[in-house]
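Take a look at the structure below.
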There are 2 protein chains.
Amino acid sequence: MSKEVLGGEELSRRKKQILRSVIEAHIMLGEPVGSKYLTTNADIPFSSATIRNEMAELEAMGYLEQPHTSSGRIPTKAGYRFYVDSLMDSYKLTASEIVTLNNMLRSKIGELDSILQSASKLVAALTNYPTVAVKTTSSENVVEQFSYMLMGDNDFLLVMRLSDGTVKSKHIKTDFSLDKNILDTLTDQLNTYVANVSPETITLPLMMQLEKSLGDAGKLVDLSIKAVYENTVSSDDSSVSFEGVGKLLEYPEFASVDQMKSVLNMIEDKDGIINIMKEGDADKVNVVIGEDDEKLAEHSAFIFRKLVVDGKVVGAIGVFGPSRMDYSKVVSTVEYLSDQISKTLGTALPEKKDDDGADTKT
Amino acid sequence: MSKEVLGGEELSRRKKQILRSVIEAHIMLGEPVGSKYLTTNADIPFSSATIRNEMAELEAMGYLEQPHTSSGRIPTKAGYRFYVDSLMDSYKLTASEIVTLNNMLRSKIGELDSILQSASKLVAALTNYPTVAVKTTSSENVVEQFSYMLMGDNDFLLVMRLSDGTVKSKHIKTDFSLDKNILDTLTDQLNTYVANVSPETITLPLMMQLEKSLGDAGKLVDLSIKAVYENTVSSDDSSVSFEGVGKLLEYPEFASVDQMKSVLNMIEDKDGIINIMKEGDADKVNVVIGEDDEKLAEHSAFIFRKLVVDGKVVGAIGVFGPSRMDYSKVVSTVEYLSDQISKTLGTALPEKKDDDGADTKT
DNA sequence: ATTAGCACTTTGAACACAAGAGTGCTAAAA
DNA sequence: TTTTAGCACTCTTGTGTTCAAAGTGCTAAT
């Protein structure tokens, strides 16, 4: 007769079985599930009355709830949580799903942006839930290497390779004549004194010293440092993009104007998404289940995983859906795909040379 | 008793007045407007009966329609069209609106991406309709200049400046040792033979000749040309982004699940948007009003203008809303803003040098 | 410990009904 | 000839009622 509320106490084997059946049935049907349904459709060798008793207890423990006095039970947030953490089988991706995923990766080799885009399209198609792709800009970005392209007599392009692998450039116009020598000197000095240094530590004395030592090119130091700042410190390049939001409308819990409203708000509130994702662990698939007090809207859940490349978090990929979503399939898909992406983008040199070593383009 | 259907025939002064009043009232209220409403709220010096007669004729002519036998009239697509083309006053932007717009432009000088983004946010806020920002990639993009950055002993970054001003790069790994000489030779040759050439005209013989003449660097020709292709021909960089879609829910005609569905579909169908925009004139604000047969969903309208910089269409900015949207205000806002953006982005060199010649970053 | 049975609650669909809004038309007034 | 008052008619919308279905909790029997 355990009646504790969420006491962390063990559930009997039978309770687990019933909880699990309720949740899986509810994931399938989207409707409250009653005792009778379970007796006929799940293989539980007890009568509806027994199940009713057990469900009443599961409700008291906080795993189930009733929308109103007389309808079946639906899982609470705690119920889903328990399911995800302890009850759920992990879904096996089918061979054809794996093939699809791998094809995508192979064809779009190299580019974070385009990988993210096709990955999220693909996951949306595979899971039938909308996906979110996030590209983060690490705040500790520094310029690792400078270079230039001479354009005319009076302008050139300062090219910077950042530590996250992207390449930025800045078009600089001058009021004096440029030549190869001037720019060689400039980039040499920049590579020596400014590369690999956090922009905050670039001091005025350093800059003045650089300017002096550079002669003609000195006039360009100021502009160059500005360019560095623009592309590291103040660059707000992180992007959040959605794919397949329309799919939500197929799920009755979102097919109301109010629900739609909150979803649209969420979509437009990129910071909200980023914040949720920030709090996740970097080395596993995170499952956030929404409820009243949370950042996430009620009846919705968010499954995501950060993308780690060479030890750095470069983005994340996630799936948004109703709280009754197909956790096991989504978790497996996200897990597999993000692992592969991380590997693909890693610096590991190609083992064999039949594959060209293409990589990181901006 | 003219009873032609849309005969292109002149409407009497009184009919115009009534049509206009109906449309403006409907834009305000969002509901069918009846004869009685007009007698009391618009200053039409006739009785409701007279207005009823006129409205019946306007309906026969195709400018108005009744949702059902006994409710007021609402404008048809033809009605809106006539209103936009002939009846509408142009809205005067208020001083504060102009100030807001100009501030935005000043602060974000230089960068198409970020200008588009803030512009669309601003227009969404100002008009209370969602906005669309489109960036197009001109298909005649060619690489104008090649350069490189040596990274390790076995990899380097091929840097390309494209004719649209953007800079792209590709990370290339090799299975032999690199040095400055090899890469200098490579980029020299690329600049001589491949720069400013449409990628379609790069033939195999040319490539083979290049490979031969380059010695060690020859092995890199193939990869380099591949990089050129990736970034010009097959680069699908045009982007469509929405801002403020949630606002639509405030308008009752969109506050239904079905309507939402079609809107979400539209948002996800970037090509659809691009196609609609393609057909617009480049030198004016275009107003597309949706109806059954059109590309655009019923009850919605789309107002947009292309952004022309130095004679090239680089993008577009548009406003999406219900067909009863506030045309005059939206048209004015879009017009003003897109004019200013086009000017701001034009090549005019900075007059004074107190402003650094910042430009085009990737 | 389990189950059959029953009374009870809630939902949701179907239906009827009244009120309100707006029309078209006719006949009178300007 | 043009305008308007008046009236019958239509359609929508909201409300109240009824009724069946689903599912529960509890008691008593197995």
Side-chain angles (χ1 to χ4, degrees), chain A residues 1-3 11-19 21-23 25-26 28-61 63-76 79 252-253 255-256, chain B residues 1-3 11-15 17-19 21-23 25-26 28-61 63-76 79 252-253 255-257:
Chain A
M1 317 282 123
S2 49
K3 260 223 149 193
L11 276 76
S12 71
R13 180 173 223 72
R14 193 168 71 186
K15 278 205 182 56
K16 282 185 189 169
Q17 190 187 5
I18 290 178
L19 178 55
S21 302
V22 170
I23 292 180
H26 183 248
M28 264 185 54
L29 305 174
E31 276 165 20
V33 355
S35 55
K36 199 176 170 189
Y37 179 88
L38 289 183
T39 53
T40 61
N41 297 52
D43 48 343
I44 300 179
F46 299 99
S47 76
S48 67
T50 309
I51 296 180
R52 278 203 290 284
N53 287 331
E54 291 286 47
M55 291 206 294
E57 289 185 29
L58 282 168
E59 179 167 0
M61 294 183 210
Y63 294 120
L64 294 178
E65 67 183 330
Q66 284 180 294
H68 50 266
T69 329
S70 175
S71 196
R73 304 305 209 284
I74 58 174
T76 60
E253 44 270 76
S256 92
Chain B
M1 308 283 133
S2 51
K3 260 221 148 193
L11 277 75
S12 70
R13 181 173 222 73
R14 192 167 72 185
K15 279 206 182 55
Q17 190 187 4
I18 290 177
L19 178 55
S21 302
V22 169
I23 293 180
H26 184 248
M28 262 185 55
L29 304 174
E31 276 165 20
V33 356
S35 55
K36 198 176 172 189
Y37 178 89
L38 289 183
T39 52
T40 61
N41 295 53
D43 47 344
I44 299 179
F46 299 100
S47 77
S48 66
T50 308
I51 295 179
R52 276 204 290 283
N53 287 330
E54 292 285 47
M55 291 205 296
E57 290 187 27
L58 283 168
E59 180 169 358
M61 294 184 210
Y63 294 120
L64 294 178
E65 66 183 331
Q66 284 180 295
H68 50 265
T69 329
S70 175
S71 196
R73 304 305 208 283
I74 57 174
T76 60
E253 44 271 75
S256 92
V257 175

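Naming convention: chains lettered A, B, ... in sequence-line order (proteins, then strands); numbering from 1 in each chain.
Of all nucleotides listed (D:dT3, C:dG24, D:dC26), C:dG24 comes nearest to the side chain of B:Gln66.
Atom CZ of B:Arg52 is separated from atom C1' of C:dT26 by 12 Å (rounded to the nearest Å). When rounded to the nearest whole Å, the span between CG of B:Asn53 and P of D:dT2 equals 12 Å. Here D:dT24 presents its C1' atom at 16 Å from CD of A:Glu54, a figure rounded to the nearest Å. Distance B:Ile74 CD1 to D:dT12 C1': 15 Å, rounded to the nearest Å. In this structure, the CD1 atom of A:Ile51 is 12 Å from the P atom of C:dA4, given to the nearest Å. At whole-Å resolution of the value, CG in B:Leu58 and C1' in C:dG24 are 16 Å apart. In this structure, A:Ile18 places its CD1 atom 12 Å from P of D:dT24, rounding to the nearest Å. Atom pair B:Glu59:CD and C:dG22:C1' shows a separation of 13 Å (rounding to whole Å applied).
Taking every heavy atom of both residues into account, B:Ala56 and B:Arg73 meet most closely at CA-NH2, 3.5 Å. Nearest heavy-atom pair, B:Pro75 versus B:His26, reported as atom, atom and distance to 0.1 Å: CD-ND1, 3.5 Å. Here the closest heavy-atom approach between residue B:Thr39 and residue B:Phe46 is recorded as CG2-O, 3.5 Å. For the residue pair B:Ile23 and B:Gly79, the shortest heavy atom distance occurs at CD1-O, 3.4 Å.
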Next on the checklist: Under the criterion side chain to side chain contact (heavy atoms under 4.5 Å, CB included), I'd like the reasoning laid out for A:Ser21 against A:Ile18: C-alpha separation, chi angles, the key distance, then a yes or no.
Outcome noted: CA-CA 5 Å; A:Ser21 302; A:Ile18 290 178; 5.7 Å; no
Next on the checklist: side chain to side chain contact (heavy atoms under 4.5 Å, CB included), that's the test. Do A:Leu11 and A:Leu58 meet it? Break it down for me.
Outcome noted: CA-CA 9 Å; A:Leu11 276 76; A:Leu58 282 168; 3.6 Å; yes
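Positionally, the nearest nucleotide of DNA chain D for B:Pro67 lies more toward the 5' end than for the other of B:Pro67 and A:Arg73.
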Just the table, please: protein N/O against nucleotides 14-17 of chain D N/O, every pair under 3.5 Å.
none

List, with names and distances, any nitrogen or oxygen atoms from the protein found under 3.5 Å away from nitrogen or oxygen atoms belonging to nucleotides 28-30 of chain C.
none

What pairs of nitrogen or oxygen atoms, one from the protein and one from nucleotides 9-11 of chain D, lie under 3.5 Å apart?
unit_1	atom_1	unit_2	atom_2	d
D:dT10	O2	B:Ser70	OG	3.4
D:dC11	OP1	B:Thr69	OG1	3.2

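Remark: B:Phe46, B:Ser47, B:Ala49, B:Thr50 in residues 32-50 of chain B come within less than 4.0 Å of DNA chain D through at least one heavy atom.
Put simply, CG on B:Asp43 and CD on B:Gln17 are 7.0 Å apart, with the number rounded to the nearest 0.5 Å. Taken from CG in A:Leu19 to CE in A:Met55, the straight-line distance is 11.0 Å, to the nearest 0.5 Å.
The end-to-end axis angle of the helix from C:dA1-D:dT30 to C:dA30-D:dT1, rounded to 10 degrees and based on five pairs per end, is 20°.
Checking the phosphate oxygens (OP1, OP2) of C:dT2, a side-chain nitrogen or oxygen of A:Arg14 falls inside 4.0 Å.
Proximity of a side-chain donor or acceptor of B:Glu59 to a complementary backbone N or O of B:Leu64 within less than 3.5 Å is not detected.
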For residues 29-38 of chain A, dump all side-chain donor-acceptor pairs below 3.5 Å to protein atoms at least two apart in sequence or in another chain.
unit_1	atom_1	unit_2	atom_2	d
A:Ser35	OG	A:Arg52	NH1	3.2

